[in-house]
Each structure stands twice: as C-alpha cells, then as structure tokens.
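Per chain, numbering begins at 1; letters A, B, ... match sequence-line order. Given the structure is predicted, the values throughout are model-derived calculations rather than measurements.
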Amino acid sequence: MLGKIKAKSAHNDSLRMLMGKYGIGIVLLIMMVVIGIMEPAFATSNNFINVATQVAINGMISYGMCLAITTGGIDLAVGAQLALTSCVLGVTITNSGMNVWVSCFIALLVATLFGLLNGVLIAKFNMFPFVVTLSTQLIIRGLSQVISGGKAISLTSDVFKNIYSGKFLGMPIPIVILIIITIIMYLLLHWTKFGRYVFAVGGNVNAAIASGVSEFWTKVGVYTVSGFLAGVAAIIFTAKTGSAQSNIGIGYETDAVAACVLGGTSFAGGIATIPGVLMGIFIIGFIYNGMNLIGVSSYYQSIVKGCVIIGAVLLDMVMNKRNR
Amino acid sequence: MLEKNTDGKNEYILQCEGISKAFGGTQALKDVQLHVKPGEVHALMGENGAGKSTLMKIVIGLHKQDKGTITFEGKPYQVKGPVDAINAGIAMIHQELNPEPHLSIADSIFLKREDTVGKFFLNKKKQNERAGEILKQFNFPYGPKTLIKELTLAQVQMVEIIKAVSSDARMIIMDEPTSSLDSEETDHLFRVIRELKAKGVAIIYISHRMDEIFQICDTVSVFRDGMFITSAPLAQISRDELISKMVGRKVENVFPKVDCKIGDVVFKAENLCGKGFKDISFEVHAGEILGLSGLVGSGRSETMRAIFGLDPITSGKMYLEGKEIKNKNPRSAINKGICMVNEDRKNFGLCLLRSLRENISLPNLPKKQRGILINQRREIKECEEVAKQLTVKAASIEHEAFSLSGGNQQKVVIAKWIMANPKLLILDEPTRGVDVGAKSEIHSLMCQFAAKGMAIIMISSELPEIMGMSDRILIYHEGSINGEVTRAEILDSTATEEVILAKAFGGK
Ligand SMILES: Nc1ncnc2c1ncn2[C@@H]1O[C@H](COP(=O)(O)OP(=O)(O)OP(=O)(O)O)[C@@H](O)[C@H]1O
Ligand SMILES: [Mg+2]
C-alpha cells in the first residue's frame, strides 16, 4: 500500500493538536473557578466587563509582541511607544487644540513610523531585535520627555475621554476595539500571505527565502504592525487616565511577553496562535483582577504572576512532549 | 567481544522482539522484530514511513517503545538516550543530520565524550590531535578546527560517519548514510564498513539504493507499514523479490523515461561565473530533462543556486525564453517561472514546525488568494491533491512536517514546487531518501511535466538515475563543464557509467 491520506485518524489528531495548543485554556478555566469560589464578586458580568476593558491595552501590545516573537525577535520598545503616543496626543489636543480625531491619526502615524524604523533597522542591517528595540526604546522615551517637557499634560476633551468610558451598542469601546483588533489579527496571522510568511521566517528563514519569501518585508511589516498596535493601546490608555505622561508604560512589555508565552507563542519562532494569545491576555488580566478582589497586596501579585507563568509554561511543555 | 552461550542460542548481538510504537494516532511500528549478528551488515529496508528510523531511534533511546523487549549482547538492554547508547556500545548516524553549526569538527566528533583535564576542563589540544589523526585516516580534506558550518552537506555526512566509526561502538546504525555522498565517497564508506566487519562490529544499514544493498549487505530485514515482513540472507533473494516484499506489489520500471518532443530553448546560460563554478554555458529546451552529473562539490548545486537567485552571480548572462534575466532573489526567479528543489531539505526545503499544507503552499500563496485572504478551501483541496499524487504518507496535511519520515518530507518539498508549475524546474537530488515505488512515481511525473513543455534540470549523484532519466547529461569537473553525453549515446552504450565517471574525474 503506497501512501495515502488517511482521513479517519485526522479527526482524532486535530483534537490532540488542539489540546496541545490550547492546554492553556484549561489553566484559564481552573483559575477562574478557583478565584470565583474564593471571591463571589469575581464571577459577575460586571466584573468580567471590567476585566475585558482593562486587558484591552495589554491586548494590543501583546498581539504586536506575538508577531515579533513569532519571527524569532522581540519588541521591547512598546512601553516607550505608549509614552510617546500619549505625549503626542497631549501636545496636539491640549496644547495645540487640534481636532481629537486628527490628533489620534497623527499619534498613530508617529507610533507606526517608529515601528517601521525598528523593522528597517532589524531587517536591513540584520541586527538583533533585542538590541535594536532596547536602544530605540531609550530614544522614543527620551523624545516623549522632550515634547512633553517632562510634565503631565491633562486631557479634558470629553470626546477623547469617551474613547475609554463610552459605549458602542452597549459595550465599552475598549472591548469593541479589542474584538475588532482580535479579528483583524486572527485573519492577518492565519488567513493571509503575510501571516504565513511570518511563520515561515520564524520557523526556518532559509527555507522561507528559498520559497520566495522576503525576509526584509516580513520583518518590517511585523514591527510596523507592532508599533501601530502600541499606538492604539496608548490612545485607550490616555483616554482612561485623562493625562499624557512620558513615564507611562514602563514594564508593559513584560506583561505582553507573558501573555504571548502563556498563549503558546514559541520563543524559538514559528509557532503562535491568536486565540492562544487572547487567552494569555485574559489570564494576566484575571491574575491582577482576582488578586485585587481577594485583597492580595501588589508585592505578592508580582510573585504570583511569575509563578503562574512558569507553571503554565511547564505544563505546556509536558503536554507537548507527550504529543511529539 | 561477544561470547557465545554454551547452548549456542545467543548468536545475536541485537535482538528486538515484539516492538510496537504509536505517535498519537499513527501506529509507526506493530510488533516488529530484528535480529542482528555480530560482524554482519544487516540491511533494513522498507518504503518511506515503514518505521525503519523509528525502530532505530528506539534502539538508541530517542523514543521509547510502547511494547517489546530489546536484548543487546545477550543482556536486557535499556537506555535513556543516545549518550547512554554510545556507552553501551551502539552508535548511530542519523538520516536527518543535525549538527551544531558553530562547533569545530573535532568538537563535533568528540561531543559528549570530550577529553578532559581533571573533571571539567576540556583538553582541546589532545582532542584536536586525536581528531586530526582520525580525519587523516579518512582522507578528509579539512582539519579538526574547521567549523561545521563551513562544510557541505556531504562533508557533514562524512563527519557524522567518522564520529560514529571512531566511537569504538560494537554496533553502528547507519540511517541512509550515503544519501548525499557521491560514488567515490560511498566507496570509501564501504571500505570502512568492511574493516569494521572484519573487527566483528555489527552494522545496521538503511538505504533506498538497491545497488548498495546488494553490494555491501549480508542479510536483509524488510518492513512494510510498520510491520515486519521477512528476513533473509541477501544471497537468497533477488532484487525484484526484495522490491515486491517492500512495496507489496511489483514496481515495473524505476526509470519510466518517456521520450517527448524537444521544443524551443527555454533557458540559456552564457559564461556564468560565481563561487564554486566558472564559465558555465548551456541550454535547456522545452520537454527536455537535462542531467547534471559530477562529483559532490563539483559546482553543480552552486550553479543552480545562483541561477535560482540564492547566491550571487559574478559574471555571465542568463536568458529565459530569449529574454535576458537577472535573479536577485528566489522570489524574482519564482515569479519568472524558475523553481528549484534544494538538495538540503532540512535547511532550505521545509519549515519543520509548520504543517504540510503551509509548507506546500508557501511559494504558491500569491496564486491562492481571494482578495487579501487565502482561499483555504481551495488551498486544502489542491494540497491534498499533490500530496496524493506524490504518495505522501501522512495522516493529514495538517500535521507538522517533522512528524513525517525522511522520504515523505522529500516528497513534500517536491510537491510544493510541482504546484508552482514552472517553466524551468531545477531538481537537486530530487529522490534522495525516497523509496523505489515513489521514486518511479516522481520519475514518471517528471516525464509528464516534460511532455507538457516544462524544461527540467536534474542533479543527481546516483548514476543510474541520471542515465535513466536524462535526454542529455552535462558532466561537471571542478566547477566547469567537462563533457556532454546524449541519450542516444547512452542507449547505444557508447556512453557507459565508466565514461561518465572518467569525465567527472577530469578525463576526456
Ligand atoms: N515524531 C513523530 N511524530 C509523529 N509521527 C512520527 C514521528 N516520527 C515518525 N512518525 C511516523 O511514523 C512512521 C514511521 O516513520 P519512520 O521515520 O520510522 O519511517 P522510515 O521507515 O524511516 O521512512 P524513510 O524511508 O522515509 O526514512 C511515519 O508514518 C511517520 O509519519
Ligand atoms: Mg527514515
């Protein structure tokens, strides 16, 4: 019998692959149940909406990070991007009195351009993404201090603040943005040429090039998208706090990396799923939220977060090992 | 050495009994056995995906069997991994080479059994000296300090062989050791094998090249679809019998060459020069299969890589259908209709972590879009079709490429370029590691494509393949073309293997 495609066992195997990929979903469920039992206020729809609104910011950044990690890189500049975009918003809206939407457009453009810069530096000169984004991060944060003069600029525009507090079809706008971006990212990574190229470049760059994939444009695309998403995150963030500051976003890359890793994104490159990252985002969100509700001090929160990440990654490794 | 029991029962160095192994839903081995005597070369044969590599990986502890027992040198044998296996006396040359590119040859040879001063410090000097001696014994052209990444695939293969042979193992497993070697290097390996044999070392030899099996092996065990079929001395089995045992049916003709109409010139090279080749000029016509023969490292692959845009061309001109072209990267070559199956499937052929579907459609995505999204339904259908056409043995095209057997991975690489339907198809060792049945399948596909007017260039180190399939053969020697042979000359036996080999060695 020469080879054939056996359709029968395919079903079984896709179930197995699904378990391997989304084993993290089980962690998420267990966590929700445990916190829900400890603190009844947790399992209310109000609280869930609350969490979803809060994770929107980390969500944007995590999707960008996920692309970078999947190509075998990392984007450490996202935290600083958040600050710069925020300051651009503050300067244009409050200081120059610009139209809110024009100003948002400019802010997104700035964030995207810095993403593009990261991408070009990484792809054109073949520099390590870690080093490049570590350096541009300093530049970007410095710039945001320059344009804001190091002071907080308060944003009083109701139209602008409405981006965080407003509702669309009864849903908080940050959640709407999260849903839209999640769908776009899902299609981008799993249904477009670009997404396939991202996986190929991260999985085996030589084979990708020999299949006609442009390493340059793929990487440039990845960091540009990451920059843009950091800009979106910054708009939500600034609308939430109502103030533009150059010292925000410090350490945000950690949460984004954590969400990616929890979601099964491989640091070796070439493996990631958007649903996985979304679950990672929510796990991080529930850790913060759950512990706040239970009343754990923020010192311990950080410890718990670290432990959960290591535990989840270990679990994932054990599961995948059994599969292979 | 092995002591025979008084009752003479224990004549085997390795006994595997009732071994079963499943990966998820795939049953790779079902209750198989293998009995190997000391001092014999034992061929293990079977189609792609029959479970040969899997059994060997169980023997050296890379996989764990679900059921079954292994006895080595009369004692129950259980190892935790390759290092353990080497200590127990079993070394393996892997089918999928996996060298660490930044190690030196010496480090690579002594990996995990380094010379040390005290307990922790490496004795680099002694190690390099020892490695140097061993390399000299093998006539290896590089010194012990050369880095692995500077070597060609064939040389890496030789280093792996040297590594296994120098480990003083009492049994050596060779999983397709010659798949990237040329005839000269293969002969060298065979000399080494005979020496080992004389010393009483047992060798398990896996290969899809029939000639080699009959040349060097004593006994053969045949697997099919994960099951043990038979075991017999090679002297008692004919080639056709062996094939039908492996495949379960008769394979009529391994080289089903169909002569088709040779059309206009599709591709023309004029005085191409680059790293590893100089002054290469040739033409290839529609419907023609042009074979490139020569020793490994004679510049064949280098020329083709340059034409495909993977390496730079320093001077010379190329024409496609009469128009001058330049390929700055593979994308521009693919867009013009030039595709290439690379000899190095692990590095240039596949993204092992991704599914078969993604691998097959990767170069063809621009054609599979509906708007900006990929038309996945069509993609799945088309990928399943080519996979079936090439008899890829996989549970589903959604499986990751690494879970396929070596030969099936090769078929996937060919599948992705066949789907591209190019004007010029360059095949660099297209059937390496592919079993007889599928080989014949790939060959008849080549003829079908030629008949449709595709121009095909095939590099192969297997002389019977090149001679059986080519309309014309160009013979390389040290980076330039040293002669040409036509199909007519092969058919009327004016061009024999000897003639081609002589030209490959630089003669007239
Ligand atoms: N790591 C793995 N995960 C899942 N399936 C695997 C894995 N390794 C092997 N298999 C499956 O087990 C079967 C036997 O594979 P194996 O590599 O032993 O074949 P083989 O006889 O060596 O073939 P070839 O001649 O192509 O090298 C195949 O169907 C393959 O898909
Ligand atoms: Mg194999």
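In this structure, no portion of B/Lys368 lies under 4.5 Å from any heavy atom of chain A. With a 4.5 Å cut-off on non-hydrogen atoms, B/Ser361 touches chain A through its side chain but not through its backbone. At a 4.5 Å heavy-atom cutoff, the contact between B/Ile372 and chain A is made by backbone atoms alone.
We find that B/Arg331 and A/Glu215 are not joined by a salt bridge, their nearest charged nitrogen and carboxylate oxygen being 4.0 Å or further apart.
Here NZ of B/Lys346 is found 13.0 Å from CG of A/Asn206. Values are rounded to the nearest 0.5 Å. Rounded to the nearest 0.5 angstrom, A/Arg196 CZ and B/Asn359 CG are separated by 10.0 Å. Between atom CH2 of residue A/Trp191 and atom CD of residue B/Gln376 there is a gap of 4.0 Å, rounded to the nearest 0.5 Å. The distance from the CG atom of B/Asn364 to the OG atom of A/Ser211 is 9.0 Å, given to the nearest 0.5 Å.
Taking each heavy atom of A/Ala210 and B/Phe348 in turn, the nearest pair found is CB-O, 3.7 Å. The two residues B/Leu350 and A/Asn204 make their nearest non-hydrogen contact at O-ND2, 2.9 Å. Minimum interatomic distance between B/Leu362 and A/Ala200 (heavy atoms only, all atoms of both residues): CD2-CB, 3.7 Å. When all heavy atoms of B/Ile374 and A/Lys193 are compared, the closest pair comes out as CD1-N, 3.8 Å.
Taking a 6.0 Å sphere around NZ of A/Lys124, one finds it holds 12 or fewer heavy atoms contributed by other residues, nucleotides or ligands.
In this structure, B/Gln369 contributes its side chain and A/Thr192 its backbone to no donor-acceptor pair below 3.5 Å.
Proximity of A/Tyr197 to B/Leu365: side-chain heavy atoms (C-beta onward) are separated by under 4.5 Å at one or more points. Residues A/Ile209 and B/Pro330 meet the side-chain proximity criterion, which asks for heavy atoms closer than 4.5 Å.
In terms of heavy-atom pairs under 4.5 angstrom with chain A, the leader among B/Ser403, B/Pro366, B/Ala420 is B/Pro366.
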